Amino acid sequence: MSTTRRLSPLPLPVLLAALAVVLSACSSRPVQQTADVPEARPRAAMVPSVQGGGYYQDDGPHAMVPADLDALPDAVPRLDPIYPPSLRPYTVMGQRFVPMTALHPYRERGHASWYGRKFHGRLTAIGEVYDMYAMSAAHPTLPLPSYVRVTNVANGRSVIVRVNDRGPFLRGRLIDLSYAAAHRLGYINAGSAEVEVELLTPEIIAALNRERREGARAVVASAPAAPPVAPLEVTSVPAGKSSGDAAAYLQLGAFDTPANAARMMMRVREQFDLMVEQMHVLDDNGRYRLQVGPFESIAEARSTAGRMVMLLEIQPYLVMR
């Protein structure tokens, strides 16, 4: 009988935590479906918002907003598959829009607006929940999802946001940013600002992620030695399952030490945070195998494996147990 070991939910050592990058999630028109407003993420404090400004149709901020928006990191760019329904041409307010179908070079200047509580918790054009405190944006024609660098021309501030919605549709508006992104660019009270928008192509994304990895390695090289990884909780794996009862898992790697398995788990968490509870480390006679699962079906496992190949540049393989 083998044993399954699950990493402790307590924070990993400071050295490993430094390698994780917080990932995050606008439309100037209501969407057809709505979702419950998500529970606020734990933050240091809430402060009164700046009231007033030129936001759309009295769509302002909440009375209290997170105090740490200045420290909110940029969205981490990656090569997400384009959402097929978002590629169709469409007409809104008498204007016809033809979306881009690939990540071609794009750079344009225009006016950016922002939107807040009126749309907070609603679904975006690709079915994600809009979070006004995440680094996201809406654009009429850019691929969905995609990533752009937005620079405030007046003050030189720049942010990277994830474009996951359609809008704005008012003439003369180039892009709608989330409340958090507009806050970072310094135009919350003004309501709009002249900006430059640059689409991040695959080449730019690769270069940015390479710089991020090199920066992480520099942190590792300069950091003090990490304490040992906390002991792993041990649970038994039921034995004697028939092949018909076996469940589908993805194996992400086999490692000589639990610490190396933990490092890979941290890397996976950067892109697949919702799968934390599905990750397991199995002690196989001194080889520590990191697996994800179980999945509802082999098809679901293969779909997840395809995303991992593209986003993490690793090749998981299917195992049944």
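On a predicted model such as this, the values are computed, not experimentally measured, just so you know.
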task: Of all the heavy-atom pairs spanning P140 and Y90, show the shortest one and how long it is.
output: O-OH, 2.6 Å
- request: Please state whether the rings of Y179 and W114 are parallel, tilted or perpendicular, taking 30° and 60° as the class boundaries.
  value: perpendicular
statement: Taking every heavy atom of A181 against every heavy atom of S136, the minimum-distance pair comes out as CB-O, 4.3 Å
message: Testing the basics here: between N155 and L185, what is the closest heavy-atom pair and its distance to 0.1 Å?
response: ND2-O, 3.0 Å
- request: Please name the pair of heavy atoms, one in P77 and one in I160, separated by the smallest distance, quoted to 0.1 Å.
  value: CD-CG2, 4.5 Å
task: Identify the residue among V76, V150, D74 that makes a side-chain contact (heavy atoms from CB on, under 4.5 Å) with M135.
output: D74
query: Hey, any chance F169 and V98 share a hydrophobic cluster, counting ILVMFWY side chains that come within less than 4.5 Å of each other, even indirectly?
result: no
- request: Please answer: with hydrophobic residues joined when any side-chain heavy atoms are less than 4.5 Å apart, are M100 and I82 in the same cluster?
  value: no
- prompt: With a 4.5 Å limit on heavy-atom distance, are the side chains of M93 and L170 in contact?
  reply: yes
- request: Walk me through it: do Q251 and Y249 pass the test side chain to side chain donor-acceptor pair (under 3.5 Å)?
  value: CA-CA 6 Å; Q251 182 159 306; Y249 289 77; over 6 Å; no
message: Ignoring hydrogens, what is the shortest heavy-atom contact between P81 and P145? Give both atom names and the distance.
response: O-CD, 3.4 Å
field: Hphob cluster co-occupancy, L318 + L290, side-chain heavy atoms under 4.5 angstrom
entry: yes
- prompt: Strictly under 6.0 Å, is that where the ring centroids of H139 and Y106 end up?
  reply: yes
field: Residues R162, E128; criterion salt bridge (Lys or Arg N to Asp or Glu O under 4.0 Å); working and verdict
entry: CA-CA 12 Å; R162 186 170 192 262; E128 298 177 351; 2.6 Å; yes
- prompt: Is the side chain of N152 donor-acceptor paired with the backbone N or O of V195 at a distance under 3.5 Å, no angle test?
  reply: no
message: Give me the atom names and distance for the closest heavy-atom approach of R184 to L72.
response: NH1-O, 2.6 Å
message: What I'd like to find out is whether the side chain of R88 reaches to under 4.5 Å of the side chain of P99, using heavy atoms alone.
response: no
